[in-house]
Enquirer: 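What follows is a structure written as structure tokens; I'll ask about it next.
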Amino acid sequence: MSKVPDSLFYTAEHEYVARADNSPVVTIGITDYAQGELGDVVFVRLPKPGDRFDAHQAFGEIEAVKAVSELYSPVAGEVVEVNDTLDGDPGIINRDPYGDGWMMKLRASNPSELKELMSPEAYRSHIGE
């Protein structure tokens, strides 16, 4: 059974969004379910700080033993930070997807878009758990 923290928002594409204290800056990564389905992650291509994305726009790519998948921005905004640690050790995503395995921090253009994302309950249903 996959970990689905109650404090996060989720997408149908298996990204999560963490938001602290109503800040416009959100942390984005892939879910525990996604990393389990992909298998051992061997490479991640992430954007650069300053890059801008619309909601649902591809922002990068994740490569694992089983597959290569695009990563999609759950909300529109500007990248303020990326997790450079993943360059040298992309396997962190498998070991700690909700902690050290985060991918990027994005300043959301319209934080109300978070309301359109899945709740933990809806995501659990989406993945059949």
Side-chain angles (χ1 to χ4, degrees):
M1 192 153 177
S2 301
K3 293 180 205 162
V4 181
D6 289 332
S7 59
L8 305 177
F9 299 96
Y10 299 89
T11 70
E13 294 79 22
H14 309 290
E15 284 90 13
Y16 70 81
V17 178
R19 184 179 190 195
D21 302 324
N22 288 328
S23 169
V25 177
V26 297
T27 302
I28 297 169
I30 66 165
T31 65
D32 183 51
Y33 175 84
Q35 71 77 23
E37 290 294 303
L38 285 169
D40 293 336
V41 176
V42 296
F43 176 76
V44 181
R45 182 176 53 80
L46 297 173
K48 295 178 181 67
D51 287 352
R52 294 179 172 276
F53 296 96
D54 292 328
H56 314 293
Q57 182 179 357
F59 72 80
E61 192 173 83
I62 187 165
E63 183 177 336
V65 173
K66 295 181 184 178
V68 176
S69 298
E70 290 208 294
L71 299 163
Y72 297 95
S73 184
V75 295
E78 178 181 349
V79 178
V80 295
E81 186 179 353
V82 295
N83 188 351
D84 292 329
T85 306
L86 299 177
D87 288 340
D89 186 6
I92 294 171
I93 294 167
N94 296 112
R95 296 188 304 273
D96 191 13
Y98 300 118
D100 292 338
W102 65 275
M103 295 182 174
M104 71 172 178
K105 295 187 180 183
L106 188 81
R107 180 173 289 108
S109 302
N110 186 359
S112 67
E113 287 179 333
L114 293 171
K115 294 175 188 170
E116 299 170 22
L117 301 177
M118 287 186 209
S119 68
E121 296 78 20
Y123 185 69
R124 284 185 194 101
S125 177
H126 176 68
I127 62 174
E129 294 185 2

Enquirer: Determine which pairs satisfy salt bridge (charged side-chain N to carboxylate O under 4.0 Å, His left out) with at least one residue from residues 14-23, sequence neighbours left out, and list them in order.
Expert: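 For residues 14-23: none.
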Enquirer: Which residues satisfy the side-chain hydrogen bond (donor to acceptor under 3.5 Å, both in side chains) test with S2, sequence neighbours excluded?
Expert: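 Only E129 meet the side-chain hydrogen bond (donor to acceptor under 3.5 Å, both in side chains) criterion with S2.
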Enquirer: Tell me which pairs pass side-chain hydrogen bond (donor to acceptor under 3.5 Å, both in side chains) where either residue lies in residues 97-107, with sequence neighbours left out.
Expert: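 Checked against side-chain hydrogen bond (donor to acceptor under 3.5 Å, both in side chains) - neighbours excluded - no pair reaches residues 97-107.
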Enquirer: Is the side chain of D96 donor-acceptor paired with the backbone N or O of G99 at a distance under 3.5 Å, no angle test?
Expert: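 The answer is yes, because a donor-acceptor pair under 3.5 Å joins these two groups.
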Enquirer: Got a second to check how far D51's CG is from Q57's CD, nearest 0.5 Å?
Expert: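 With rounding to 0.5 Å, CG (D51) is 9.5 Å from CD (Q57).
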Enquirer: Could you list the residues that satisfy side-chain hydrogen bond (donor to acceptor under 3.5 Å, both in side chains) with S7, not counting sequence neighbours?
Expert: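 Listed in chain order: nothing, the list is empty.
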Enquirer: Among pairs that include at least one residue of residues 69-79, which meet salt bridge (charged side-chain N to carboxylate O under 4.0 Å, His left out), considering only residues two or more places apart or in two chains?
Expert: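 Residue pairs passing salt bridge (charged side-chain N to carboxylate O under 4.0 Å, His left out), neighbours aside: R52-E78.
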Enquirer: Would you say I28 and L117 are hydrophobically clustered, going by side-chain heavy atoms of ILVMFWY under 4.5 Å?
Expert: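 Yes, I28 and L117 fall within the same hydrophobic cluster.
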Enquirer: How many angstroms lie between CE in M1 and CD1 in I127, if you round to the nearest 0.5 Å?
Expert: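 The distance works out to 7.5 Å.
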Enquirer: At their closest point, which heavy atom of A12 faces which heavy atom of H126, and how far apart are they?
Expert: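 Result for this residue pair: O-NE2, 3.1 Å.
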Enquirer: Would you kindly confirm whether M103 and V25 end up in one hydrophobic cluster when ILVMFWY residues are joined by side chain heavy atoms under 4.5 Å apart?
Expert: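 No, it is not one cluster - the side chains of M103 and V25 are not joined through contacts under 4.5 Å.
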Enquirer: Honestly curious: do Y16 and V4 fall in one hydrophobic cluster under the side-chain, below-4.5 Å linking rule?
Expert: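 Both belong to a single hydrophobic cluster.
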Enquirer: Under the side-chain hydrogen bond (donor to acceptor under 3.5 Å, both in side chains) test, which residues partner E121, sequence neighbours left out?
Expert: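 Per chain and number, E121 pairs via side-chain hydrogen bond (donor to acceptor under 3.5 Å, both in side chains) with S119.
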Enquirer: Applying salt bridge (charged side-chain N to carboxylate O under 4.0 Å, His left out), name anything that partners E113, two or more places apart in sequence or on another chain.
Expert: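 For E113 there are no salt bridge (charged side-chain N to carboxylate O under 4.0 Å, His left out) partners, ignoring immediate neighbours.
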Enquirer: Measuring from atom CG of L106 to atom CD of E81, what distance do you get when rounded to the nearest 0.5 angstrom?
Expert: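 One finds 12.0 Å between CG of L106 and CD of E81.
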Enquirer: How close do V68 and E63 get, heavy atom to heavy atom, and via which atoms?
Expert: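 The pair with the smallest heavy-atom distance is CG2-CG, 3.6 Å.
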Enquirer: Kindly state each residue pair satisfying ring pair (Phe, Tyr, Trp, His ring centres under 6.0 Å) with at least one member in residues 38-83, sequence neighbours excluded.
Expert: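 Sorted result for residues 38-83: empty, none.
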Enquirer: Using the salt bridge (charged side-chain N to carboxylate O under 4.0 Å, His left out) criterion, which residues pair with D89? Sequence neighbours excluded.
Expert: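 With neighbours one apart ignored, the set is R95.
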Enquirer: Between V79 and P47, what is the shortest heavy-atom contact and its length?
Expert: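 Looks like CG2-CG, 3.8 Å.
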Enquirer: Carefully, step by step, assess D87 and T85 under the rule side chain to side chain contact (heavy atoms under 4.5 Å, CB included).
Expert: CA-CA 5 Å; D87 288 340; T85 306; over 6 Å; no
Enquirer: Return the set of residues passing salt bridge (charged side-chain N to carboxylate O under 4.0 Å, His left out) with D6 (not counting sequence neighbours), or none when no residue passes.
Expert: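 Residues passing salt bridge (charged side-chain N to carboxylate O under 4.0 Å, His left out) with D6: R124.
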Enquirer: Between V75 and N110, does the side chain to side chain contact (heavy atoms under 4.5 Å, CB included) criterion hold? Intermediate values first, please.
Expert: CA-CA 8 Å; V75 295; N110 186 359; over 6 Å; no
Enquirer: Any chance you could lay out the side chain to side chain contact (heavy atoms under 4.5 Å, CB included) test for I62 and V41, step after step, and finish with the verdict?
Expert: CA-CA 7 Å; I62 187 165; V41 176; 3.8 Å; yes
Enquirer: Could you check S73 against M104 for side chain to side chain contact (heavy atoms under 4.5 Å, CB included), going step by step and ending with a plain yes or no?
Expert: CA-CA 10 Å; S73 184; M104 71 172 178; 4.2 Å; yes
Enquirer: What pair of heavy atoms forms the shortest contact from A64 to G39, and how long is it?
Expert: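 Answer, listing the atom of A64 first, then G39: CB-O, 4.0 Å.
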Enquirer: Could you give the distance from CD1 (I30) to CD1 (I93), rounded to the nearest 0.5 Å?
Expert: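 The CD1 atom of I93 is 5.5 Å from CD1 of I30, to the nearest 0.5 Å.
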Enquirer: Just so I know, are the side chains of Y10 and P120 near enough to count as touching, which here means a heavy-atom distance under 4.5 Å?
Expert: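 Side chain of Y10 against side chain of P120, heavy atoms only: contact under 4.5 Å found.
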Enquirer: Among all residues two or more places apart in sequence or in another chain, which pass the side-chain hydrogen bond (donor to acceptor under 3.5 Å, both in side chains) test with S109?
Expert: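 By the side-chain hydrogen bond (donor to acceptor under 3.5 Å, both in side chains) rule, S109 matches no residue at all.
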Enquirer: According to side-chain hydrogen bond (donor to acceptor under 3.5 Å, both in side chains), does anything in residues 23-44 pair up with another residue at least two apart or in another chain? List the pairs.
Expert: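 Every side-chain hydrogen bond (donor to acceptor under 3.5 Å, both in side chains) pair that includes a residue of residues 23-44, provided the two are not neighbours, is T31-Y123, D32-Q35, Q35-N94.
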Enquirer: Got I92 and L86 here, is their nearest side-chain heavy-atom distance under 4.5 Å?
Expert: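 Side-chain contact under 4.5 Å: yes.
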